[in-house]
2 protein chains.
Amino acid sequence: MSRSKQPTIDDVARVAGVSRATASRVINNAPGASGLLRARVHEAVAELGYRPNEAARALASGRPRVVDVIAVSCNLPGGWLGSNPYYSRVLAGMMPLLEGTGAQLRVHALSHESAAEALDEISAGVTLGAVLSDITPALAARFHRLCRRVVSLVPTAATVPAMVADNAGGAYAAVTHLHGLGRRRIAAIHGPAISTCAADRRIGHLRAVQRWGLADVSADAGFTREGGYQAALALLDRHPDLDAVFVACDLMAAGVVQALTACGRRVPEDVSVIGFDDSVAAICVNPPLTTMRLPVEEMAAAAVRLLLSGDIVPGHRSLFPAELVERESTGAPKS
Amino acid sequence: MSRSKQPTIDDVARVAGVSRATASRVINNAPGASGLLRARVHEAVAELGYRPNEAARALASGRPRVVDVIAVSCNLPGGWLGSNPYYSRVLAGMMPLLEGTGAQLRVHALSHESAAEALDEISAGVTLGAVLSDITPALAARFHRLCRRVVSLVPTAATVPAMVADNAGGAYAAVTHLHGLGRRRIAAIHGPAISTCAADRRIGHLRAVQRWGLADVSADAGFTREGGYQAALALLDRHPDLDAVFVACDLMAAGVVQALTACGRRVPEDVSVIGFDDSVAAICVNPPLTTMRLPVEEMAAAAVRLLLSGDIVPGHRSLFPAELVERESTGAPKS
DNA sequence: GATAAGGGCGAGAGCGCTCTCACAGGAAGC
DNA sequence: GCTTCCTGTGAGAGCGCTCTCGCCCTTATC
């Protein structure tokens, strides 16, 4: 087996002519080893091509070097992943922080059915902690009870520490932006009720509606382009005079723009459309979507930083503001 | 510490009144334990809430339970991740297979600079194997030398086992499709030369150009919408009479459609556009893109299946065909 | 020069598990 | 009733590493 050929720390110690303890000290850059021996050990490491065995390290030290990322598909019909680049942004935000620490990233993409059991499993593992990137509040709370080292990226149970986007604030800002452009008959297309993000965006929309004295004209859809398309058609049927649409995600907004165009409405002249997420969909739509960008990378990085630091306060909540990205799908009304 | 409260297999054995060996047998569902003791052990496990320690398992058995997924950003300017849902599809294809085995997924998103060192690190780890989802041939070959349990999802050095999409065949089919629609002045927009996928698509295009006696009118761009947009403008400037464009990825194709529209060309009446990948961009563009869909999930699943089976043959290569997805960006010429 | 103090170093005990081996006890064969 | 062969079980030796001790040698202090 190649396994037996893998050099161990004992080999390093023998070659360097030191004890295993000293070799360990040098390898882990711990104090208590003289410069002379340090050099000898480093030499031996290089000569043998020695690489520490992660499993043995984890076992002996009890110090975990893994960050779990957990996503339970609760929103998207085709599973949590599919076409969603959100998770790519999450991972991209985390990697730079982990690179320095030697910690590694374990990804769990769970179906809703297998989630409960899998979470039990994960919570028992030796881990720096888990980042919940998509999960229902009930599952999050359950997981948090089993394992305290948890940070959520989505709004969940109040006890679970969270780095969340200000979805409500973003939705409020989006609608307010439309209002500021002179739009008054602003409709909304919301995401599925099971998604807490969608729920918060709904709240923000409602707040803006009340603030600006608008009518609450809303439709629901799954977070899909097709859903947005259909919802827009239905909305247009009931309210042919609408002059703006707030859409809870860009993918749906793409469908909305397509439906509006198909129905002979000009975007943005007749109807302004604002999306949410600033995903790749936003720039592919014609015209490119004005949207609310969430600092997903920053949130993910903050979550990892919290886990690495170790002092995780239950109930902690950081709110990350959404930022308006103006493109061409919004503007003042023109006839 | 909560750590000391975590029950061990010895606790289970004691509570069940059996030896550690028997407890281990039952927990691992190994033969050689009677039904009576099995029940007692299971009872003890449930009572204590025992969960095996992964690190200890890995160390004692030497049997790895981790699959590494490695992506080195060599193509995309904003890093390998960013807006690319490709990796989501890769992970989605893998998860179902791993779920049953208890193996876990470790993701490494490396910058091109840190890649070499990180690959050394990873290759030394105890792992079922690594799936290379984006990497240069040189790095892949180097990694393969260090660690035999490797499967690539992109075309790389010939020795590295690979589950790759038939990029050349897909490009050939795409151009042939355009030709079949009656298009004769077909331009191409290729991806960056460093990407082996882009290179293969280029080859397929060239093959089709030769087969159908077309002129080789090509431009290069990064795999971005902006790149596609600019390349299309340049192409249109040099060849104002082109009647079709083969674009090496959907995101670029989105830019191409936008450029064509901005220049007063109708898609598909004046110019047909065909993309590649069937990513989310394809359905957001107006008109929705005809594109070549790659069975990414299947490829990823096949890679994992190979790693799990263990018999990885150097040089093995499975080719997965690309499938034409017809939408509205292609059609016969109309004036 | 004796004692104290301190830092470098090695011995060795685990970490929690797997797995080999030896052994007990019962069934089968002569 | 003896040997032979199972099959079920337990003892115990590691897996490769970390980390606590305690030893020893050096340096400071009187």
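Nothing here was measured: the structure is a model prediction, and the numbers come from that model. Chain letters run A, B, ... following the sequence lines, proteins first, then strands; residues in each count from 1.
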- Any side-chain heavy-atom pair of Pro161(A) and His144(A) under 4.5 Å: yes
- When rounded to the nearest 0.5 angstrom, what distance separates CZ in Phe143(B) from CZ in Arg148(B)? 11.5 Å
- Measure the shortest side-chain to side-chain distance between Arg65(B) and Arg57(B) over non-hydrogen atoms and say whether it is less than 4.5 angstrom. yes
- Identify, residue by residue, the members of residues 43-52 of chain B with a heavy atom below 4.0 Å from DNA chain D, and return them in order of residue number, or none. none
- Message: I need the Thr8(A) OG1 to Arg20(A) CZ distance, nearest 0.5 Å.
- Response: 8.5 Å
- Query: Asn53(B) CG to dC15(C) P: how many Å, rounded?
  - Reply: 12 Å
- Rounded interatomic separation in angstrom, taking CD from Glu54(B) and P from dC17(C): 10 Å
- Query: Does a side-chain heavy-atom distance below 4.5 Å link Thr127(B) with Asp68(B)?
  - Reply: yes
- Item | Exercise: do Asp200(B) and Thr196(B) side chains pair donor with acceptor under 3.5 Å | no
- Message: Among dT9(D), dC19(D), dC17(C), which nucleotide has an atom closest to any side-chain atom of Ser61(A)?
- Response: dC19(D)
- Which of these passes side chain to side chain contact (heavy atoms under 4.5 Å, CB included) with Leu128(B): Leu98(B), Val66(B), Val67(B)? Val67(B)
- Task: First locate atom CG of Leu306(A), then atom OG of Ser318(A), and finally report the distance between them rounded to the nearest 0.5 Å.
- Result: 8.0 Å
- Message: I need the CG-C1' distance between Asp10(B) and dG10(D), as an integer number of Å.
- Response: 13 Å
- Note on the structure: Heavy atoms of Ile27(A) and Tyr50(A) approach each other most closely as CD1-CE2, 3.5 Å
- Item | Close side-chain approach of Val164(B) to Leu153(B), heavy-atom, < 4.5 Å | no
Please list, pair by pair, any protein nitrogen or oxygen found under 3.5 Å from a nitrogen or oxygen in nucleotides 12-14 of chain D.
{"unit_1": "dA13(D)", "atom_1": "N6", "unit_2": "Arg20(B)", "atom_2": "NH1", "d": "3.1"}

- Task: Any salt bridge (charged side-chain N to carboxylate O under 4.0 Å, His left out) involving residues 27-43 of chain B? Give me the pairs, sequence neighbours left out, ordered by first then second residue.
- Result: none
- Work out how much the helix from dG1(C)-dC30(D) to dC30(C)-dG1(D) bends between its end axes, five pairs an end, to the nearest 10 degrees. 40°
- Query: Taking for each residue the nucleotide of DNA chain C with the nearest heavy atom, is it Gly17(A) or Ala55(B) whose nucleotide lies nearer the 5' end?
  - Reply: Gly17(A)
- Query: Of all the choices, dT9(D), dA11(C), dG16(D), which nucleotide is nearest to the side chain of Thr22(B) once you look at every atom?
  - Reply: dT9(D)
- Item | N/O (side chain, Arg57(B)) to phosphate O (OP1/OP2, dT18(C)) under 4.0 Å | yes
Produce the list of close N/O pairs, under 3.5 Å, pairing protein atoms with atoms of nucleotides 24-27 of chain C; give distances to one decimal.
none

- Please report the closest heavy-atom contact between Val18(A) and Ala23(A), naming both atoms and the distance. CG2-N, 4.1 Å
- List in numerical order all residues of residues 24-35 of chain B for which some heavy atom is under 4.0 Å away from an atom belonging to DNA chain D. Arg25(B), Gly32(B), Ala33(B), Ser34(B)
- The residue, Leu37(B) or Ala56(B), whose nearest nucleotide of DNA chain D is more 5′ is Leu37(B)
